[in-house]
Amino acid sequence: KENTQVGLKLSYDINENNTLNLINNVGHRINEQILSTSATTYAVKDSSLGRDFFNDEVNIEHKGQIFNRDYNFITGMMYGSLVDHRCDVAGSGFATSPPTGFKACSPSASPSILGHIFASNLDEYLQGRLSLATNLDIHAGIRNSNVNYNIRSDISNYSSGGTHYSKATP
């Protein structure tokens with residue numbers, strides 16, 4: 001198992017009420033696990049998932065007071081992308097003994113899954129908060145999300161494809 005992620009946030013105070021924020025994070029992770037495929041035998045598969053990802057965001061935050069109550073508004077845009085590398089290979093030792101090892105992840109190993117998933121999103125948003133009392137806030141916002149999702153199988157008899165999703169939500 002491997003998980004590495006780093007991030008950076010740069011903030012610039014335009015004035016006492018307005019701040020410009022630039023936010024970035026990037027990472028890589030690998031999860032490998034042995035999955036049982038039967039409740040009564042030692043039938044297993046080696047499932048590995050590698051993921052590379054990044055996110056970039058720019059936003060402007062405005063804060064102040066209205067009728068002696070604190071408020072803030074944030075508007076911004078965020079872009080993210082990820083690539084998943086997926087492979088499932090049946091393990092050995094199927095009948096009565098524990099697994100004794102796994103084949104390398106390649107088309108010649110006859111994997112049940114071998115491919116890539118590509119996803120990206122572009123979001124625009126506006127959100128705000130109004131403090132009505134010391135322990136009571138009202139939050140509201142709207143987000144417009146655009147997501148692209150594509151699967152590419154590296155096994156010739158499996159299909160590949162993709163879809164696009166777009167929606168604004170309050």
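For the numbers below, each heavy atom of this structure counts, side chains included, while hydrogens, waters and symmetry mates do not. The chain is numbered in sequence order, starting from 1. Quick caveat: nothing in here was measured; it's all calculated off a predicted structure.
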Looking only at heavy atoms, what is the nearest atom pair of Asn21 and Ser11, with distance? OD1-OG, 2.6 Å

Specify whether His85 and His116 have parallel, tilted or perpendicular ring planes, treating 30° as the upper limit for parallel and 60° as the lower limit for perpendicular. perpendicular

Please check if the number of heavy atoms outside Glu16 that lie under 6.0 Å from its CD is greater than 12. no

Any non-hydrogen side-chain atom of Leu130 less than 4.5 Å from a side-chain atom of Arg69? yes

Drop me the distance from Asp84's CG to Arg152's CZ, to the nearest 0.5 angstrom. 12.5 Å

Would a 4.5 Å heavy-atom cut-off, applied to side chains only, mark Arg129 and Asp70 as touching? yes

Would you call Asn25 and Phe53 a side-chain contact if the rule is heavy atoms closer than 4.5 Å? yes

For Arg29, all residues meeting salt bridge (charged side-chain N to carboxylate O under 4.0 Å, His left out), sequence neighbours excluded: none

Working to the nearest 0.5 Å, report the span between CG of Asn72 and NZ of Lys63. 8.5 Å

Does Ile30 share a hydrophobic cluster with Leu49, counting links as ILVMFWY side-chain heavy atoms below 4.5 Å and allowing steps through other members? no

Mind checking whether Tyr149 and Ile117 have side chains closer than 4.5 Å, heavy atoms only? yes

Under a 3.5 Å distance rule, please check whether Asn15 uses its side chain to pair with a backbone N or O of Asn17 as donor and acceptor. yes

Might you point out which heavy atoms bring Ser160 and Ser153 nearest each other, and give the distance in Å? OG-N, 2.8 Å

Got a second to check how far Leu122's CG is from Met77's CE, nearest 0.5 Å? 5.5 Å

Hey, does Ile74 have a side-chain heavy atom less than 4.5 Å from the side chain of Leu126? no

Sequence-distant partners of Glu57, side-chain contact (heavy atoms from CB on, under 4.5 Å), two or more places apart: Ile23, Asn59, Met78, Tyr125

For Tyr71, does the OH atom sit with more than 12 other heavy atoms under 6.0 Å from it, leaving out its own atoms? yes

Report yes if the side chains of Ile14 and Leu20 come closer than 4.5 Å at any heavy-atom pair, otherwise no. yes

Give a yes-or-no answer on whether the side chains of Asn18 and Glu61 include a donor-acceptor pair shorter than 3.5 Å. no

Hey, does Ser145 have a side-chain heavy atom less than 4.5 Å from the side chain of Lys167? no

To the nearest 0.5 angstrom, please state how far the OG atom of Ser166 sits from the CG atom of Asn144. 5.0 Å

OG1-NE2 distance between Thr19 and His62, expressed to the nearest 0.5 angstrom: 10.5 Å

So Val26 and Val6, side-chain contact (heavy atoms from CB on, under 4.5 Å) or not? Walk me through it. CA-CA 6 Å; Val26 61; Val6 295; 3.6 Å; yes

Would you say the side chains of Asp52 and His28 form a donor-acceptor pair under 3.5 Å? yes

Please tell me whether Ile151 and Tyr165 are part of a single hydrophobic cluster in this structure, the criterion being side-chain heavy atoms less than 4.5 Å apart. no

Taking C-beta and beyond as the side chain, do Thr75 and Phe73 meet within less than 4.5 Å on heavy atoms? no

